[in-house]
Amino acid sequence: MKFFMPAKLYSEHNCVAEHSRELSSLGRKALIVTGKSSSKKNGSLDDVISAISDHGTEYILFDEVEENPSVETVMKARDAGVEGVADFVIGVGGGSAIDAAKGAALMIANSDKGWEYMYNSTGGKHLPLAAVPTTCGTGSEVTGVSVITRHDLKTKVSLKHRIFPALALSDGKYLLSAPRTLIINTAIDAFSHLIESGVNINADRSSMMLVMTGLSLWNECRPYIEGCEDIDEKAALSLMDASTFGGMAIAQTGTTIPHALSYMLTYNAGIPHGPAVGAFQANYLRFADKDLRDRLLGAAGFADGDSLEEFMKRLAPINPERKLLEMSAESVLAKPEKLAVCPYKLDRETVFRIANI
Ligand code: NAP
Ligand code: FE
């Protein structure tokens with residue numbers, strides 16, 4: 001068994017203000033990396049700015065991160081950080097802002113390198129990083145992974161470097177004003193991390209502890225995800241925690257086939273990340289060991305694979321063209337390292353069936 005989690009996490013109401021000293025102690029001048037508008041509306045950006053300003057820490061704001069951020073955006077954030085002489089980075093927002101912040105933290109610390117460094121090298125040093133998540137899906141605040149869009153390849157590719165936040169501050173209150181679709185989409189991403197970590201060659205006792213706890217918590221949140229009950233602060237924190245458990249789980253095991261299948265769908269058809277990974281979960285589970293499948297589905301509150309499929313079709317339907325699904329399946333088949341993470345035999349026919357072809 002192995003377990004690695006270098007991120008220190010606080011998940012609680014008002015944690016940004018409560019732990020402002022720790023946040024400020026990461027450096028003297030922060031590069032705050034965020035999306036265009038949501039962090040200004042949900043209060044997370046104001047909280048971060050007032051937390052570090054209270055301790056005399058300066059900052060530069062880079063608020064141009066788009067959904068599924070590109071290499072070009074990471075390099076723009078890098079330029080802002082280098083020019084402003086930032087010595088630490090704070091990612092505020094969903095997975096897109098946090099992943100871009102990870103890329104910037106790496107590239108500022110390696111400012112003599114071109115963008116290719118993100119992909120042609122491993123283990124690079126990076127500036128200290130903090131993450132304040134405002135969606136309940138990626139778990140990026142506790143993973144070393146950064147998924148960045150490559151327009152040259154027309155898909156998204158994870159950086160080779162592992163860039164863990166030193167500090168993750170997770171407060172459910174930022175979710176309270178989020179649109180329902182965002183809650184659904186990101187909660188499906190969290191569910192998918194838990195499933196793909198559970199059905200994974202790297203799964204062991206410690207990762208399974210995270211998976212099973214995360215799925216039970218996710219199941220408790222089902223009424224909020226399905227819209228049967230309004231989200232309050234307690235429910236929002238549970239949704240954030242289910243997502244964080246998913247992040248901690250994939251930090252141990254990695255993701256597998258559904259995530260690999262999704263990237264071309266997002267790039268080419270604009271399908272949001274959650275629905276793009278959720279659509280393949282029922283099929284991915286169908287080929288898994290029966291006992292494991294039953295345990296995972298049971299923990300998440302699904303009677304069987306069919307009821308999971310019905311849930312995904314009802315809450316996050318997608319309808320990609322067959323040609324695009326075929327392209328995605330071919331791209332996965334060309335990645336032996338991805339296929340190797342799946343614990344059952346993956347021939348061409350199985351990958352095509354998982355891809356709904
Ligand atoms: P996102 O792309 O970060 O954000 C989606 C949209 O939601 C944006 O328009 C954003 O607005 C808005 N938003 C964010 N928080 C909000 C809030 N509290 N209230 C209202 N609106 C809010 O979504 P995401 O699903 O969290 O992240 C997806 C990205 O993460 C993908 O690129 C995916 O590949 C990646 N990912 C990373 C990991 C990892 O381990 N690193 C794992 C899974 C997925 P603004 O743009 O205005 O901020
Ligand atoms: Fe994901």
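Throughout, residue positions are numbered sequentially from 1 according to the sequence presented. Note that ligands are numbered from 1 as they come in the structure, with each ligand's atoms numbered from 1 the same way.
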Checklist entry - Starting from atom 30 (O) of ligand 1, which protein heavy atom do you reach first, and at what distance in Å? => result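 Minimum-distance protein heavy atom for atom 30 (O) of ligand 1 reads T138 CG2, 3.3 Å.
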
Next on the checklist: If you measure every N or O of G95 against every N or O of ligand 1, does any of those distances drop under 3.5 Å?
Outcome noted: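 Right, the criterion is met.
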
Checklist entry - In the protein, what heavy atom is nearest to atom 26 (O) of ligand 1, and what distance, to one decimal place, separates them? => result T135 OG1, 2.6 Å

Item to check | Heavy atom of the protein closest to atom 6 (C) of ligand 1 (residue, atom name, distance) | outcome: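 The answer is E67 OE2, 3.5 Å.
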
Checklist entry - Hey, which atoms in ligand 1 end up nearer than 4.0 Å to a heavy atom of H193? => result 42 (C), 43 (C)

Item to check | P179 touching ligand 1 at heavy-atom level, < 4.0 angstrom | outcome: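 In this structure, P179 qualifies as a contact of ligand 1 - some heavy atom is under 4.0 Å.
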
Item to check | For N68, atoms of ligand 1 separated by under 4.0 Å from a heavy atom | outcome: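 Within the 4.0 Å cut-off of N68, ligand 1 contributes 31 (C), 32 (O).
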
Checklist entry - Of the choices L175, L182, I188, which has the non-hydrogen atom that lies closest to atom 16 (C) of ligand 1? => result L182

Checklist entry - Does K290 pair with D294 as a salt bridge, N-O distance under 4.0 Å? => result yes

Item to check | Interfacing atoms of ligand 1 (cut-off 4.0 Å, heavy-atom, K36) | outcome: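 So the atoms of ligand 1 that pass are 45 (P), 46 (O), 47 (O).
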
Item to check | Any N/O pair N42/ligand 1 closer than 3.5 Å | outcome: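 Yes, since at least one N or O of N42 sits under 3.5 Å from an N or O of ligand 1.
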
Item to check | Under 3.5 Å side-chain donor-acceptor pair for S331 and S328 | outcome: no

Item to check | Name, closest N/O/S atom of H273 to the Fe ion (ligand 2) | outcome: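 When I compare the N, O and S atoms of H273, NE2 is nearest to the Fe ion (ligand 2).
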
Next on the checklist: Quick test: of every protein heavy atom, which one is nearest to atom 44 (C) of ligand 1, and how far off is it to 0.1 Å?
Outcome noted: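 Nearest protein contact, heavy atoms only, for atom 44 (C) of ligand 1 is H273 NE2, 3.2 Å.
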
Next on the checklist: Are any of the N/O atoms on H259, whether in the backbone or the side chain, positioned under 3.5 angstrom from an N/O atom of ligand 1?
Outcome noted: no

Item to check | Connected via hydrophobic side-chain network under 4.5 Å: F311 and V199 | outcome: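 Same cluster.
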
Item to check | Donor on one side chain, acceptor on other, S20 and D54, under 3.5 Å | outcome: no

Item to check | Any donor-acceptor N/O pair, D171 side chain to N14 backbone, under 3.5 Å | outcome: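 Checking the backbone N and O of N14 against the side chain of D171, a donor-acceptor pair under 3.5 Å is found.
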
Next on the checklist: Return the closest protein heavy atom for atom 35 (C) of ligand 1 as residue, atom name and distance.
Outcome noted: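 For this ligand atom, the closest protein heavy atom is D99 OD2, 3.5 Å.
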
Checklist entry - Backbone or side chain, does any N or O of P69 fall under 3.5 Å from an N or O of ligand 1? => result no

Checklist entry - In terms of hydrophobic clustering (I, L, V, M, F, W, Y; side-chain heavy atoms under 4.5 Å; direct or indirect links), are L159 and V142 co-clustered? => result no

Next on the checklist: Counting neighbours of OH on Y59 that are heavy atoms of other residues, nucleotides or ligands and sit closer than 6.0 Å, is the number greater than 12?
Outcome noted: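 Atom OH in Y59 is not packed in, count stays at 12 or less.
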
Checklist entry - Out of T186, V142, D189, T143, who gets a non-hydrogen atom closest to atom 40 (O) of ligand 1? => result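 Going through T186, V142, D189, T143 one by one, T143 has the nearest heavy atom to atom 40 (O) of ligand 1.
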
Checklist entry - So, F280 versus H259, ring centres under 6.0 angstrom or not? => result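 That pair fails the under 6.0 Å test.
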
Checklist entry - Can you tell me the protein heavy atom closest to atom 1 (P) of ligand 1 and the distance? => result S96 OG, 3.4 Å

Next on the checklist: Please verify the inter-ring angle class for F191 with W218; under 30° counts as parallel, over 60° as perpendicular, anything in between as tilted.
Outcome noted: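 Correct class here is tilted.
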
Item to check | Any N/O pair Y174/ligand 1 closer than 3.5 Å | outcome: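 Right, the criterion is met.
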
Checklist entry - Considering residues, nucleotides and ligands other than E321, do more than 12 of their heavy atoms fall under 6.0 Å from its CD? => result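 It does not: E321 CD has 12 such atoms or fewer within range.
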
Checklist entry - Are the charged groups of D306 and R286 less than 4.0 angstrom apart, N to O? => result yes

Checklist entry - Taking N or O atoms only and a 3.5 Å limit, does K156 qualify as a polar contact for ligand 1? => result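 So ligand 1 has an N or O lying under 3.5 Å from an N or O of K156.
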
Next on the checklist: Is it the case that the side chains of T143 and K102 hold a donor-acceptor pair, with the cut-off being a distance below 3.5 Å and no angle test?
Outcome noted: yes

Checklist entry - Passes salt bridge (Lys or Arg N to Asp or Glu O under 4.0 Å), R222 versus E229? Steps please. => result CA-CA 9 Å; R222 281 271 294 275; E229 287 178 37; over 6 Å; no

Next on the checklist: If the cut-off is 4.0 Å to any non-hydrogen atom of G94, which atoms of ligand 1 fall inside it?
Outcome noted: 3 (O), 26 (O)

Checklist entry - Has K40 got any heavy atom lying under 4.0 angstrom from an atom of ligand 1? => result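 No, K40 has no heavy atom closer than 4.0 Å to ligand 1.
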
Checklist entry - Just checking, is any N or O donor in the side chain of T149 or N68 under 3.5 Å from an acceptor N or O on the other one? => result no

Checklist entry - Which protein non-hydrogen atom lies closest to atom 48 (O) of ligand 1, naming both residue and atom, and how far is it? => result S38 OG, 2.7 Å

Checklist entry - At the Fe ion (ligand 2), what's the angle from H259 NE2 to H193 NE2, rounded to 10 degrees? => result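 With the Fe ion (ligand 2) as the vertex, the angle is close to 90°.
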
Next on the checklist: Below 30° counts as parallel, above 60° as perpendicular, anything between as tilted: where do the rings of Y284 and Y344 land?
Outcome noted: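 Rings of Y284 and Y344: tilted, 30 to 60°.
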
Item to check | Atom of D189 closest to the Fe ion (ligand 2), considering N, O or S atoms | outcome: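 Answer by atom name: OD1.
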
Next on the checklist: Heavy atom to atom 47 (O) of ligand 1, shortest distance: which of A97, G254, S37, G35 holds it?
Outcome noted: S37

Checklist entry - Do any N/O atoms on T134 end up under 3.5 angstrom from N/O atoms on ligand 1? => result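 It does: an N or O of T134 is found under 3.5 Å from an N or O of ligand 1.
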
Checklist entry - Does any N/O atom on S140 come nearer than 3.5 Å to any N/O atom on ligand 1? => result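 Such a contact does occur with ligand 1.
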
Checklist entry - Does N185 use its side chain to pair, donor to acceptor, with the backbone of P275 at less than 3.5 Å? => result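 No, the answer is negative, given that no donor and acceptor are paired below the 3.5 Å cut-off.
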
